[in-house]
Asker: 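So that we are looking at the same thing, I have put the structure below in structure tokens.
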Amino acid sequence: MRVTGADSRSGREHRAGRLRVTTVEIIVRVPPCRPVRELVELTQHMEDLGVDRVSFPDSQLLWREVWSTVSAVAVSTERIGLAVSVTNPVTRHPTVTASAARSIAEIAPGRLTLAVGAGDSALTHIGERPVRSQTLEHAVGAIRTLLAGEEVAHGVHPWRLHHPVAVPVTIGASGPRNLALAGRIADGAVIPSMAWDRDTGIVRDAAKAAGRDPDDLSYTMTRSCVITDDPERDAVVFKPMCLRLAQLGGAELFAAAGVPVDVPDHDLELGDLGHPEDWDEAVKTCSAWISDEAALWFARTRSLFGTPDEVVAQLRELERNGVRSILLSHPGAFSLPSDLIETLGESVLPSLRRSGS
């Protein structure tokens, strides 16, 4: 949907905020894989539909530059929350990140959140390793200090950000060290949903040990999401994710569920299973190791998946279990989640609002 001109602004003013999903914040991850104008138009449509927040990942070789994208979206929308999830302290020096976040916060007051992590594709695609926890701790601490208007000691040249603006700075983490780090020093954590209770417990325990109130922190669950009228048919779309999980040590999860998978030798040239350029082709390739049954198990247990009514029920269950923020992503690194957004806006969010009223 293309939204331009004065009429579109009037429409946004009329519809903005018409759907607020009780206590669960619905965030949709949008890879900046298309021209910025298209990303702006998609986000305007998300605002119309009542999506709470749009999140853009940072990976300079894969996608458009993230802060340029967020800036264009910020000046072209009025209500929708904005997030950079996740950036890193190698390709983005902490002072650069703090300055960028301050600038967006001036454009869109109160709408930006920032997540910093050890680094994934932004680093691996340039031959760099993810950073150690100590480096991440220094970076997040520096960014938060700068945005608070305080000085960061740095040899004979201390850092100070002129005209700071407060922005929540969270940590994207899956390992215990960085989860604990989020509890000690950050404003919250962005966490994969594989072991949600255990991982949020690590964050909360670390916050308590540091003399902080864990209830003051934010906890965002990340989950892939496919909404379909034919779950049996469409579960195969998760096969690249299944194989990547198995290669990263998750094969025992499939075995315990009764859907064992073969893990290919690590020297096979399968490409980047987290960001395949042709997702359909990656599904075909991964089918040599991942059965339809294994993909369906992953879809049903590790994702938000099913018909609109089933996804509404899953979101309600997560809410009952204390989830207050969820970041949804679609299986696709170089396609926009247009279908997911449309179905969320037209079928899922209205049902959530009705059932929560």
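Just so you know, residue 1 is the first one in the sequence shown, and it goes up from there.
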Asker: More than 12 heavy atoms of other residues, nucleotides or ligands under 6.0 Å from CZ of Arg177: is that the case?
Answerer: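 Atom CZ in Arg177 is not crowded, with 12 or fewer foreign heavy atoms closer than 6.0 Å.
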
Asker: Side chains of Ser193 and Arg223 only: does a donor on one sit below 3.5 Å from an acceptor on the other?
Answerer: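 A pair is found: one side chain offers a donor N or O, the other an acceptor, under 3.5 Å apart.
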
Asker: Inspect the contact between Arg324 and Glu25 and indicate whether a charged nitrogen and a carboxylate oxygen are less than 4.0 angstrom apart.
Answerer: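 Not counted as a salt bridge, because no side-chain N and carboxylate O are separated by less than 4.0 Å.
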
Asker: Do the non-hydrogen side-chain atoms of Thr228 and Thr307 ever get within less than 4.5 Å of each other?
Answerer: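 No; the side chains remain at least 4.5 Å from each other.
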
Asker: Under 4.0 Å between a Lys/Arg side-chain N and an Asp/Glu carboxylate O for Glu65 and Arg92?
Answerer: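 Salt bridge flag = yes for Arg92 with Glu65.
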
Asker: So, do Trp63 and His275 have ring centers that fall under 6.0 Å from each other?
Answerer: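 Ring centroids of Trp63 and His275 are less than 6.0 Å from each other.
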
Asker: Over 60° means perpendicular and under 30° means parallel, so classify the ring planes of His138 and His154, tilted if in between.
Answerer: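 Rings of His154 and His138: tilted, as their planes differ by 30° to 60°.
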
Asker: Can you give me the closest heavy-atom contact between Val167 and Leu112, atom names plus distance?
Answerer: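 Closest pair (atom of Val167, atom of Leu112, distance): CG1-O, 3.7 Å.
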
Asker: Keeping Thr135 on the side-chain end and Val131 on the backbone end, is there a donor-acceptor pair under 3.5 Å?
Answerer: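 Such a contact is absent between Thr135 side chain and Val131 backbone.
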
Asker: Taking atom CD of Glu252 as the centre, report whether more than 12 heavy atoms of other residues, nucleotides or ligands fall under 6.0 Å from it.
Answerer: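 Check passes, neighbour count above 12.
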
Asker: Rounded to the nearest 0.5 Å, how far apart are OG of Ser335 and CG of Asp280?
Answerer: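 Result: 9.0 Å between the selected atoms.
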
Asker: Could you tell me whether Arg244 and Asp120 make a salt bridge, using a distance below 4.0 angstrom between a side-chain N and a carboxylate O?
Answerer: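 So Arg244 pairs with Asp120 through a salt bridge.
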
Asker: Begin from the C-alpha positions of His125 and Gln60 and carry the test side chain to side chain donor-acceptor pair (under 3.5 Å) through to its verdict.
Answerer: CA-CA 9 Å; His125 281 257; Gln60 69 281 358; over 6 Å; no

Asker: Taking the side chain as every heavy atom from C-beta outward, state whether Val263 and Trp289 have any pair of such atoms under 4.5 Å apart.
Answerer: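 In short, these two side chains do not touch, never coming nearer than 4.5 Å.
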
Asker: Has Thr77 got a side-chain atom pairing as donor or acceptor with Ile80's backbone, closer than 3.5 angstrom?
Answerer: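 A pair under 3.5 Å: no.
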
Asker: With heavy-atom distances below 4.5 Å as the criterion, would you say the side chains of Val84 and Val70 are in contact?
Answerer: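 Touching, per the 4.5 Å side-chain cut-off.
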
Asker: Is the distance between the ring centroids of Phe238 and Phe305 under 6.0 Å?
Answerer: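 They qualify: ring centres under 6.0 Å apart.
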
Asker: Taking all heavy atoms of Asp58 and all of Ala122, pick out the closest pair and write down the distance.
Answerer: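 Scanning both residues, the minimum pair turns out to be O-CB, 3.6 Å.
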
Asker: Can you check whether Ala115's main-chain N or O pairs, donor with acceptor, with Thr87's side chain at less than 3.5 Å?
Answerer: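 No, because the side chain of Thr87 does not come within donor-acceptor range (under 3.5 Å) of the backbone of Ala115.
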
Asker: Testing the basics here: between Leu82 and Ala108, what is the closest heavy-atom pair and its distance to 0.1 Å?
Answerer: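 Minimum heavy-atom separation between Leu82 and Ala108: CD1-CB, 4.0 Å.
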
Asker: Should we say atom CD of Glu277 is surrounded by more than 12 heavy atoms from elsewhere, each under 6.0 Å from it?
Answerer: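 No, not enclosed.
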
Asker: Indicate yes or no for a side-chain donor-acceptor contact from Lys239 to the backbone of Cys286 under 3.5 Å, with no hydrogens or angles considered.
Answerer: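 Side chain of Lys239 to backbone of Cys286, a donor-acceptor pair under 3.5 Å: no, none is there.
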
Asker: Do you know the tightest heavy-atom contact between Leu217 and Ala186?
Answerer: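 Heavy atoms only, the tightest pair is CD2-O, 3.4 Å.
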
Asker: With a 3.5 Å cut-off and no angle check, do the side chains of Ser133 and Asn178 form a donor-acceptor pair?
Answerer: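 Per modelled atom types, Ser133 and Asn178 side chains form a pair under 3.5 Å.
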
Asker: Are Thr69 and Val30 side-chain neighbours, meaning at least one heavy-atom pair lies under 4.5 Å?
Answerer: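 In short, these two side chains do not touch, never coming nearer than 4.5 Å.
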
Asker: With a 4.5 Å cut-off on side-chain heavy atoms, are Leu328 and Leu344 touching?
Answerer: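 Answer yes - side chains close enough.
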
Asker: Quick test of your reading of the model: are Arg34 and Glu41 salt-bridged, counting only N-O distances below 4.0 Å?
Answerer: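 Result for this pair is no, no salt bridge flagged.
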
Asker: Look at the side chain of Asp52 and the backbone N and O of Ile26, then say whether any donor-acceptor pair between them is shorter than 3.5 Å.
Answerer: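 Yes, the answer is positive, given that a donor and an acceptor are paired below the 3.5 Å cut-off.
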
Asker: Hey, does the side chain of Trp279 reach the backbone of Ala333 with a donor-acceptor pair shorter than 3.5 angstrom?
Answerer: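 Such a contact is absent between Trp279 side chain and Ala333 backbone.
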
Asker: Taking all heavy atoms of Ala105 and all of Val165, pick out the closest pair and write down the distance.
Answerer: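 In terms of heavy atoms, the two residues are closest at CB-CG1, 3.6 Å.
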
Asker: Do Ser224 and Ser329 meet the criterion of a side-chain donor-acceptor pair at a distance under 3.5 Å?
Answerer: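 The answer is no; no qualifying pair exists.
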
Asker: Examine the side chains of Asp339 and His330 and answer whether a donor and an acceptor come within less than 3.5 Å of each other.
Answerer: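 Result is no, nothing qualifies.
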
Asker: Has Arg129 got more than 12 heavy atoms of other residues, nucleotides or ligands less than 6.0 Å from its CZ?
Answerer: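 Count not over threshold, so no.
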
Asker: Hey, does Ile104 have a side-chain heavy atom less than 4.5 Å from the side chain of Ser71?
Answerer: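 They are in contact (side-chain heavy atoms under 4.5 Å apart), so the answer is yes.
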
Asker: For the pair Thr200 (side chain) and Asp197 (backbone), establish whether a donor and an acceptor sit closer than 3.5 Å, ignoring hydrogens and angles.
Answerer: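 Here the side-chain-to-backbone pair exists.
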
Asker: Side chain of Glu151, backbone of Pro158: donor and acceptor closer than 3.5 Å?
Answerer: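 The answer is no, because no donor-acceptor pair under 3.5 Å joins these two groups.
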
Asker: Hey, is Lys208 close enough to Asp213 for a salt bridge, meaning N to O under 4.0 Å?
Answerer: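 Looking at Asp213 together with Lys208, the answer is no, because their closest N to O distance does not fall below 4.0 Å.
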
Asker: Strictly distance-based, threshold 3.5 Å: is any side-chain N or O of Glu137 a donor or acceptor partner for the main-chain N or O of Leu181?
Answerer: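 No, the answer is negative, given that no donor and acceptor are paired below the 3.5 Å cut-off.
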
Asker: Evaluate the side-chain proximity of Pro231 to Glu310: yes if any heavy-atom separation is below 4.5 Å, no if none is.
Answerer: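 When only atoms from C-beta onward are counted, Pro231 and Glu310 do touch, with a gap below 4.5 Å.
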
Asker: Is a donor on one side and an acceptor on the other found under 3.5 Å between the side chain of Arg144 and the backbone of Ile185?
Answerer: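 Yes; judged by distance alone, with no hydrogens or angles, the pair exists.
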
